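See below for the structure under consideration.
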Amino acid sequence: SPISPFTPDVLDVLRSVSRGRAGVLLNRASALLYAGAEAQVGEIDGAFAQQHFAGHGHLTGVAAADDDAGADYDDLLA
């Protein structure tokens, strides 16, 4: 996969949870990568991402500060 260790279907999940905001998407991708490493999965697919962001994954805590930082990135990119 060109976005290894993510499968292509993860992008749809990341776009959905970030509401298309670039900074938030990057924060969520980082959190998802960390969760995949902690869960010791070889590949992070859409199902793993959906479980993670639904609060049923290995690591589910995402601080509100992540959204604030994402908004700051989006402001810089605008």
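Throughout, numbering of the chain's residues begins at 1 and tracks the sequence. Predicted model only: the values in this text are computed from it and were never measured.
Listed here is the closest heavy atom pair of Pro5 and Leu33: CG-CD1, 3.6 Å. Of all heavy-atom pairs spanning Val13 and Gly46, the tightest one is CG2-O, 3.9 Å.
Annotation: side chain of Phe48 is in contact with side chain of Leu32 (closest heavy-atom distance under 4.5 Å). Residues Thr7 and Glu43 have side chains in contact (heavy-atom distance under 4.5 Å, counting atoms from C-beta outward).
Here Leu14 contributes atom CG and Arg28 contributes atom CZ; the two are 9.5 Å apart, rounded to the nearest 0.5 Å. Between the OG atom of Ser18 and the CG atom of Leu11 there is a distance of 10.0 Å, given to the nearest 0.5 Å.
Under the rule for a side chain to side chain contact (heavy atoms under 4.5 Å, CB included), the partners of Asp12 that lie at least two apart in sequence or sit in another chain are Arg15.
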